[in-house]
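Take a look at the structure set out below.
Each chain gets a letter, A, B and so on, in the order the sequences are listed, and its residues count up from 1.
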Number of protein chains: 2
Amino acid sequence: MRKQSSTNLENEMLINGNCDMAYTLDLIGGRWKPSILWRLAYGAMRYSDLRRSLPAVSERILILQLREMESDGLISRKVYPEVPPRVEYQLTDLGKSLEPVINILTDWGAENRPGSDKKRVRCPVLTIK
Amino acid sequence: MRKQSSTNLENEMLINGNCDMAYTLDLIGGRWKPSILWRLAYGAMRYSDLRRSLPAVSERILILQLREMESDGLISRKVYPEVPPRVEYQLTDLGKSLEPVINILTDWGAENRPGSDKKRVRCPVLTIK
DNA sequence: TCAAGTACTAACATAAATGTAAGTTATGCG
DNA sequence: CGCATAACTTACATTTATGTTAGTACTTGA
């Protein structure tokens, strides 16, 4: 939970409320958000598949990141009243509008990341562990 | 100081080492980095001017952000052996190559930030305090 | 001599982000 | 009944990011 007042929070609000670049970064800057965005860019995914595709993230954190993106309007959550439950996540129009942003961030990284093969790697991070 | 090993660090390395988008975000994602980038985009600045233009950031944090950007190769630090000392910071070629990235992040924010006047605000954050 | 300016550093303190492990609800299946 | 599955939640623990305060070295100008 966040403090109601602190210099830290005040500065964050000051910046995100006045700097367009910082505002955008704030929405996409979580540890697992790029990976989530890249996955949903190809279409809706249910929670269990998202999770299986990201073995390194814990459930709590994955849910946290999804909830933040949902409350920021980047993704939507659709519950199917079945048993066992099914929940699908997908990009909203706002989320889809990030496409050029994602592409240019990816291109710059592909060009400059040490060890990059310059082939625009789309946040794999699905192996290991 | 960072731990030598922790899941947190491992995950960070896993992601930044495999996801181009995350790598880029990592370089520009610090609290004050967008503000610094926007300022240096107009040319070199000395430390004291940078600091005066950002009254809300403490010296320690400003230095930390500058040092990180320097070690990431985005800015360079030039010391003039004068009295009183003069230190100038400026974008490197790598830093300058971020221009389209910065522009698109700013444009998306200008378009979607609540309360935005859609006029591409360039990380002012120089008033207050 | 004393204050002021410059570009810091050090020691300390707090806030926020991320991670771990176990538990929950509901139902179908053998 | 007992186990499995899906999509979580809860309580707790750790790591990292950010912030505060005071102090440094050097020299010039009053």
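Applying the side chain to side chain contact (heavy atoms under 4.5 Å, CB included) rule to B:Gln90 yields the partners B:Ala44, B:Ser76; only residues at least two apart in sequence or on another chain are considered. Under the side-chain hydrogen bond (donor to acceptor under 3.5 Å, both in side chains) criterion, B:Ser58 pairs with no residue at all, not counting sequence neighbours. Residues passing the side-chain hydrogen bond (donor to acceptor under 3.5 Å, both in side chains) test with A:Asn112: none are found, sequence neighbours excluded. Listed by chain and number, the residues in a side chain to side chain contact (heavy atoms under 4.5 Å, CB included) with A:Lys78 are A:Tyr80 (sequence neighbours excluded). The side chain to side chain contact (heavy atoms under 4.5 Å, CB included) test applied to B:Asp107 returns B:Arg120, not counting sequence neighbours. By the side-chain hydrogen bond (donor to acceptor under 3.5 Å, both in side chains) test, B:Ser116 is found to be paired with no residue, residues two or more places apart in sequence or in another chain being considered. Residues satisfying the salt bridge (Lys or Arg N to Asp or Glu O under 4.0 Å) test with B:Glu59, not counting sequence neighbours, are B:Arg51. For the salt bridge (Lys or Arg N to Asp or Glu O under 4.0 Å) test, residues two or more places apart in sequence or in another chain that qualify with A:Arg86 are A:Glu82, A:Glu88.
Dashed line: the shortest gap from a side-chain N or O of A:Arg46 to OP1 or OP2 of D:dA7 is under 4.0 Å. In terms of phosphate contacts, B:Thr7 brings no side-chain nitrogen or oxygen within less than 4.0 Å of OP1 or OP2 of D:dT15. Between B:Arg31 and the phosphate of D:dG19, there is a side-chain N or O to OP1/OP2 separation shorter than 4.0 Å. The side chain of A:Arg86 contributes no N or O atom lying less than 4.0 Å from OP1 or OP2 of C:dA26. Regarding contacts with the backbone of C:dG19, a side-chain N or O of B:Asn11 is found under 4.0 angstrom from either OP1 or OP2.
Straight-line distance from the CD1 atom of A:Ile61 to the P atom of C:dA22: 17 Å, rounded to whole Å. Separating the CZ atom of B:Arg51 from the C1' atom of C:dG5 is a distance of 11 Å, rounded to the nearest angstrom. For A:Leu25 and D:dA17, the CG to P distance is 16 Å, given to the nearest whole Å. Atoms CG (B:Leu64) and P (D:dT20) sit 14 Å apart, rounded to a whole Å. Rounding to whole angstrom units, CG of residue B:Asp49 and P of C:dT6 are separated by 8 Å. D:dT16 atom C1' lies 12 Å from atom CG of B:Asp26, rounded to whole Å. Between A:Asn16 atom CG and C:dA16 atom C1' the separation is 14 Å, expressed in whole Å. One atom, CD1 of A:Ile63, and another, P of D:dA6, lie 14 Å apart when rounded to the nearest Å.
Residues B:Asp20 and A:Leu105 have side chains not in contact (no heavy-atom distance under 4.5 Å, counting atoms from C-beta outward). Looking only at side-chain heavy atoms (C-beta outward), A:Thr24 and A:Met21 stay at 4.5 Å or farther from each other.
The side chain of B:Asn8 approaches C:dT18 more closely than any other nucleotide in the set D:dG19, C:dA7, C:dT18. When distances are taken from the side chain of A:Leu9 to each of C:dT18, D:dG19, C:dA16, the shortest belongs to C:dA16. Picking from C:dA16, C:dG19, D:dC8 the nucleotide with the shortest atom distance to the side chain of A:Arg77 gives D:dC8.
A:Glu82 comes within 4.0 angstrom of no nucleic acid atom, judged by non-hydrogen atoms across all strands. Contact annotation for A:Tyr89: backbone-only contact, meaning every heavy-atom pair under 4.0 Å involves sugar-phosphate atoms and none involves a base. Nucleic acid contact class of B:Ser48 (heavy atoms, under 4.0 Å, all strands): sugar-phosphate only. Within the 4.0 angstrom heavy-atom criterion, base atoms lie near B:Arg60.
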Kindly list each side-chain donor-acceptor pair under 3.5 angstrom involving residues 63-74 of chain B, sequence neighbours excluded, with atom names and distances?
{"unit_1": "B:Gln65", "atom_1": "OE1", "unit_2": "B:Trp32", "atom_2": "N", "d": "3.1"}
{"unit_1": "B:Gln65", "atom_1": "OE1", "unit_2": "B:Lys33", "atom_2": "N", "d": "3.4"}
{"unit_1": "B:Arg67", "atom_1": "NH1", "unit_2": "B:Tyr89", "atom_2": "OH", "d": "3.4"}
{"unit_1": "B:Glu68", "atom_1": "OE1", "unit_2": "B:Lys33", "atom_2": "NZ", "d": "2.7"}
{"unit_1": "B:Ser71", "atom_1": "OG", "unit_2": "B:Glu68", "atom_2": "O", "d": "3.4"}

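The SG atom of A:Cys123 lies 8.0 Å from the CD1 atom of B:Ile15; values are rounded to the nearest 0.5 Å.
Within residues 65-74 of chain B, the residues approached by DNA chain D to less than 4.0 Å at the level of any non-hydrogen atom are B:Gln65, in residue-number order.
In this structure, A:Ile28 and A:Pro34 approach most closely via the heavy-atom pair O-CD, 3.8 Å.
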Report, one pair per line, the protein and nucleotides 1-5 of chain D atoms (nitrogen or oxygen only) whose separation is under 3.5 Å.
none

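Axis angle, first five pairs versus last five pairs of the helix from C:dT1-D:dA30 to C:dG30-D:dC1: 20°, rounded to 10°.
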